[in-house]
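Each ligand, and each atom within it, is numbered from 1 in the order the structure gives.
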Amino acid sequence: MLKINNLHASVEDKSILKGINLEINPGEVHAIMGPNGSGKSTLASVIAGKEDYEVTQGNITFEGNDIDELAAEERAHKGIFLSFQYPVEIPGVSVTNFMKTAINETRKAKGLEDMPAKDMLKLIREKAELLEIDRKFLSRSLNEGFSGGEKKRNEIFQMAMLEPKLAILDETDSGLDIDALRIVANGVNKLKSKDNAVLVITHYQRLLDYIVPDFVHVLYNGKIVKSGTKELAHELEEKGYDWIKEEVNA
Ligand SMILES: Nc1ncnc2c1ncn2[C@@H]1O[C@H](COP(=O)(O)OP(=O)(O)OP(=O)(O)O)[C@@H](O)[C@H]1O
Ligand SMILES: [Mg+2]
């Protein structure tokens, strides 16, 4: 599904990603961990096609096609979802209306007509229930006065509605209380199928108890320096990153 080959990327001429290789197949859950500033969010942004980042070497293919030339919006239409993609506050636009627009835009890009209002309502109800989202929440203005946890929940709601092929969740655990964490993880797990994949970026092993990864990768200084299974996340929780830094620098 996603293939990253020797990816180098920089921001404002500062080199941040220094040769990333990663392959994600349908049905897989990958977790990326790593110290602050190692390039995790940058990697997520580069995959999603955010403009501030310049790919200086290597490439990314999605379902067999090179996506390097595609704008973020086009990548989203192809089924790549990045949490935090729409962090904007839009006064006067409800969560529901925002979702309607987002869904119909995606359909339009695929040459489909708008989703009939009845189906849309059904979908919204279904997904809101799945994520235990309150009806009242759906009529609130997008992100306006949302708490950290509400923002996160809204992101997962967007993901559930859009049903992306590849969902990239960056730091979905920060700011969530235990119940919200469980709901968010549940939503991700219920969305999982043999046809889609999830890339979750996290600092905490805790989240990976809920969203169990098939692979865990450690990003350090712009490179994936270690890959393993969920046991690696436990090892990191226990020992921190120093031993990995030592291994890399040895
Ligand atoms: N838009 C930007 N402008 C300038 N520097 C940037 C920008 N984005 C990222 N960087 C720099 O790139 C490096 C990697 O940042 P990135 O956000 O990818 O790290 P991270 O692994 O996600 O860290 P954290 O665990 O703290 O979230 C940092 O040194 C950061 O300051
Ligand atoms: Mg980050």
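- We find the CD1-CG distance between I103 and L123 to be 5.0 Å, quoted to the nearest 0.5 Å.
- The shortest contact between atom 31 (O) of ligand 1 and any protein heavy atom is with K14 NZ, 3.9 Å.
- Remark: minimum distance from atom 27 (O) of ligand 1 to any protein heavy atom is reached at E171 OE2, 3.4 Å.
- Within 6.0 Å of atom NZ in K78, 12 or fewer heavy atoms from other residues, nucleotides or ligands are found, so the atom counts as exposed in its surroundings.
- At a 3.5 angstrom cut-off on N or O pairs, G39 counts as close to ligand 1.
- Note: L166 CG to I80 CD1 = 6.0 Å, rounded to the nearest 0.5 Å.
- Taking the six-membered ring wherever Trp is involved, the centroid distance between the rings of F146 and F137 falls below 6.0 Å.
- More than 12 heavy atoms of other residues, nucleotides or ligands sit less than 6.0 Å from atom NZ of K239.
- Counting heavy-atom neighbours within 6.0 Å of K3 NZ, excluding the residue itself, gives a total of 12 or less.
- Contact annotation for I16 and ligand 1: only side-chain heavy atoms (C-beta onward) come within less than 4.0 Å of the ligand.
- Among protein heavy atoms, atom 17 (O) of ligand 1 sits closest to S41 CB, 3.6 Å.
- Close N/O approach between G37 and ligand 1 is found [any backbone or side-chain N/O within under 3.5 Å].
- When heavy-atom distances to ligand 1 are checked against a 4.0 Å cut-off, V11 comes that close only through its side chain, counted from C-beta outward.
- Atom numbering of ligand 1 starts at 1 in the shown order; those under 4.0 Å from a heavy atom of Y53 are 8 (N).
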Between E132 and R153, is the salt bridge (charged side-chain N to carboxylate O under 4.0 Å, His left out) condition met? List the steps. CA-CA 9 Å; E132 298 174 38; R153 219 184 268 221; 6.0 Å; no
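- For the Mg ion (ligand 2), the set of nearby N, O or S atoms under 2.8 Å includes one belonging to S41.
- Atoms of ligand 1 lying under 4.0 Å from at least one heavy atom of T42, given by number and element, are 9 (C), 14 (C), 15 (O), 16 (P), 18 (O).
- Counted within 6.0 Å of CD on E231, heavy atoms from surrounding residues, nucleotides or ligands total more than 12; the atom is thus considered enclosed.
- Nearest protein heavy-atom neighbour of atom 24 (P) of ligand 1: N36 ND2, 3.6 Å.
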